[in-house]
Structures are given as structure tokens and as C-alpha cells.
Amino acid sequence: MTDRCDAQFEVLGDPPRAVRATDELPPAAVAQMLSAPSTPALLERLGITGQDHAELRALIAPAMADQEILTEVTRTANLLRASAGLEPPAADLGSLEERHNLLQQRLAPGEGLLSILALVVSTSTVRAWHRERGLSAEQSWHVLADLGQQMRVHRRSSGRLGLHQLAWMALNWRGRLVHLGRLQFDLHRAEKGTTHERWVIGAHIPATGPLEPAAVDESLDQATAYFTTHYADLDTARPSDTAPFGHEFLCDSWLVNPLLTEELGANSNLGAFAGRWERLSYERSDDGAAFFVFGERPPYEVTALPRRTRLERLVAERLADGRGWESGHGRLVR
């Protein structure tokens with residue numbers, strides 16, 4: 001099961017600007033899709049494995065038996081299927097979070113279950129957009145397997161099944177995120193409302209292993225090749241004093257911080273990555289650093305954070321003594 005086998009799509013624009021499903025899923029179809037024999041295989045294709053896979057499967061039947069939960073999952077799935085592409089707004093999963101989590105308590109403690117189920121049954125529209133913009137089937141599934149990755153991140157920080165990164169997954173289901181090599185990349189407009197408004201590529205660092213410089217270089221090269229080939233239309237009407245589309249990258253991350261280069265060394269993986277970026281701006285982000293380095297969400301005790309590695313010592317000591325951590329907004333042209 002990937003989505004309804006008879007789903008129909010409307011492609012808007014040439015080159016395509018959006019893809020949207022022309023029908024809405026009724027609750028009965030959602031229940032049927034989630035209880036289909038092929039559902040376990042779909043969960044695996046979406047990166048949902050191990051304990052998350054087992055616990056999610058066990059909750060599907062009671063979730064579908066609760067008419068209020070089924071109705072909410074269906075409504076959310078149809079929001080996600082409404083459109084994917086360059087311009088359509090993302091489904092606002094965050095605005096549904098409070099109601100979703102209240103309903104979830106009937107089944108299990110935690111957060112994110114209803115959104116997970118809605119994401120599982122709404123893959124067809126985003127996969128259609130991927131096809132229109134040159135991703136292979138395997139590349140498309142690789143992108144969508146970020147759902148399982150975000151669930152694993154959630155489990156590491158909370159100890160249970162769930163999903164915190166709702167806005168991120170809504171962006172993913174719009175189809176403007178690709179996973180090429182070590183990094184992930186998204187399309188977005190920079191400097192909106194100014195004479196320099198333009199499409200740029202955002203770089204993101206999934207928690208899937210070391211940031212070896214050669215792997216980062218290869219990933220950036222893949223991104224330039226993919227976007228200049230399959231999104232060449234975004235290089236038109238571009239401000240003349242900006243870099244060509246596909247060669248300008250922006251990154252908002254706790255890793256865009258010169259302290260990593262100064263304290264860990266320019267030859268370290270993290271120091272080399274931080275050193276790539278021209279830091280345009282920065283903001284205090286203690287909780288972001290605590291989450292990405294230690295897997296901690298507020299409230300947490302800063303004095304109890306581990307100091308096993310140079311990175312942990314660097315971040316923990318700054319959080320403990322009040323200096324804190326800055327996340328940077330960086331730019332790279334190559």
C-alpha cells in the first residue's frame with residue numbers, strides 16, 4: 001500500500017509548479033489502507049523500523065476503531081495530499097498538534113501518532129511531484145524515509161514512540177526536500193519581499209553519521225547537478241548580482257558556529273563543516289544545541305550534561321556557565 005491505487009493527480013504548470021490529488025480520501029479508505037496486508041512493508045519503506053514499527057502497528061487497529069481519531073487522521077491526510085510543489089502552503093500540522101495529542105492519550109501517552117498515521121497514507125501526491133521533478137522511485141522513498149529517522153530521533157530524546165518535528169515533515173511532504181548523499185536539501189525563497197528575492201537551496205544535516213569533508217563535498221556536488229538539471233526554470237528572472245541557481249546554499253544550524261573550528265580544529269569534521277559557511281547572522285540557541293548534541297529537550301539540568309568528548313565538553317560548559325550557544329545562518333557559494 002502506497003496510497004489509493006486509483007488516485008488521480010492534476011499537474012499544474014509547465015514546468016510543473018504543483019501536483020495535487022483530485023479526490024479526497026474518505027475515512028473508510030484510510031482505515032482500509034492502514035489495515036492492508038502491505039502496510040508493514042510500507043512502514044519499512046518510510047524508514048519506520050524496530051520498536052517504532054512494532055508499536056505503531058499495534059496501535060493502528062485501536063486508532064481506526066475510534067471514529068473521532070479516524071476522522072482526524074483522514075482530515076490531516078487530505079490536507080497533506082492537497083498539493084505538493086513550489087508554491088502551495090504546507091499543511092499546518094502544528095496547529096493541529098494540541099487536538100491530536102489530546103486524542104492520542106486514548107491510545108498511548110506521547111505526541112505525534114495521528115500525524116504519523118496521516119503521513120503514512122498520504123505519500124502518493126508527494127511521490128507524483130518527485131516523479132515530475134526527476135527523482136527516481138528509490139530516491140523518492142529515500143526522501144520519505146526521513147519519517148522513520150525523525151521518529152528515531154524522537155525516541156532517543158523521549159524514550160517512546162512519537163514525532164516532534166511536525167513542520168519539518170510537512171515540508172518534506174510538499175516535495176521540496178531531497179536527500180542526496182550525506183546531506184538533505186530544500187528549496188525555498190531567500191530575502192522575500194526585496195529586490196533580491198530568489199530561490200535558493202537550504203542544506204540540512206541529518207543525524208546519520210559523521211560529517212566527513214569528502215562526503216559533504218560529494219553531496220553538495222550532487223545537489224548542484226540535480227537542481228540545475230531538474231529545476232532549471234528557477235534560474236530565470238534571478239537578480240543579476242546573485243549567484244546562479246544551484247550554486248548558492250544556505251544553512252541554519254547549531255553547526256554554523258566558528259567555535260567549532262576554533263576549539264575542535266579546522267581539520268576536524270565539525271570544524272571543517274563550520275568553516276565552509278559565511279555566517280550572515282546568528283541567534284542564541286541553547287536548547288537547540290542541547291537537543292542535537294545530547295538529545296535533551298527542556299526541562300534539563302545543564303550541570304548534569306555529559307562531558308565525554310571535546311564537543312560535549314565545549315557545549316556543556318558554555319550552557320552551564322551562561323555563555324550559551326549560537327546557531328548561525330550561513331551562506332556558501334560554490
With the threshold set at 4.0 Å, does a side-chain nitrogen-carboxylate oxygen contact exist between [X] and [Y]?
X: R323; Y: E317; answer: no
X: R106; Y: D66; answer: yes
X: E87; Y: R189; answer: yes
X: R276; Y: D217; answer: yes
X: R20; Y: E10; answer: yes
X: R198; Y: D241; answer: no
X: E248; Y: R238; answer: yes
X: E72; Y: R99; answer: yes
X: E212; Y: R182; answer: no
X: E263; Y: R318; answer: no
X: R152; Y: D52; answer: no

No-hydrogen, no-angle side-chain donor-acceptor test under 3.5 Å, [X] and [Y]:
X: R160; Y: H154; result: no
X: T76; Y: H100; result: yes
X: D146; Y: H179; result: no

Exercise for review: May I ask you to check whether W168 and H204 place their ring centres under 6.0 Å from each other?
Suggested key: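 Close enough - the centres of the two rings lie under 6.0 Å apart.
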
For residues [X] and [Y], determine if any side-chain heavy atom of one lies less than 4.5 Å from a side-chain heavy atom of the other.
X: L234; Y: F227; value: no
X: T74; Y: P26; value: no
X: S157; Y: F294; value: no
X: L25; Y: M33; value: yes
X: L255; Y: F292; value: no
X: L144; Y: W173; value: yes
X: R17; Y: E132; value: no

**Study point:** Enclosure of Y282 OH (heavy-atom neighbours >12, cutoff 6.0 Å)
**Key:** no

Practice item. Using a cut-off of 6.0 Å, state whether more than 12 heavy atoms not belonging to E98 lie near its atom CD. Key: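 No, the 6.0 Å shell around CD holds no more than 12 heavy atoms from other groups.
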
Exercise for review: Just jot down the side-chain contact (heavy atoms from CB on, under 4.5 Å) partners of R45, sequence neighbours excluded, or say none.
Suggested key: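 Once residues adjacent in sequence are excluded, the partners of R45 under the side-chain contact (heavy atoms from CB on, under 4.5 Å) criterion are E138, W141.
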
Taking atom [atom1] of [X] and atom [atom2] of [Y], what is their separation to the nearest 0.5 Å?
X: S327; Y: D252; atom1: OG; atom2: CG; value: 8.5 Å
X: L211; Y: L183; atom1: CG; atom2: CG; value: 6.5 Å
X: T71; Y: L114; atom1: OG1; atom2: CG; value: 10.5 Å
X: E283; Y: H329; atom1: CD; atom2: NE2; value: 10.5 Å
X: E326; Y: S281; atom1: CD; atom2: OG; value: 10.5 Å
X: L163; Y: S115; atom1: CG; atom2: OG; value: 6.5 Å

**Study point:** Donor-acceptor contact below 3.5 Å, side chain D14 vs main chain P16
**Key:** no

Practice item. Verify, without hydrogens or angle tests, whether D286 (side chain) and W325 (backbone) share a donor-acceptor contact under 3.5 angstrom. Key: yes

**Study point:** Criterion side chain to side chain contact (heavy atoms under 4.5 Å, CB included) against R81, the qualifying member of T22, D23, V121, V126
**Key:**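 Of all the options given, the one that passes is D23.
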
Point to revise | For the student: nearest non-hydrogen atoms of C251 and A203, plus distance | key: SG-O, 3.5 Å

Practice item. Decide whether L59 and L117 are clustered together by the hydrophobic rule: side chain heavy atoms of Ile, Leu, Val, Met, Phe, Trp, Tyr closer than 4.5 Å, transitively. Key: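 Per the 4.5 Å side-chain linkage, L59 and L117 are co-clustered.
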
Review point. Considering residues at least two apart in sequence or located in another chain, which fulfil the ring pair (Phe, Tyr, Trp, His ring centres under 6.0 Å) criterion with H230?
Key: Y226

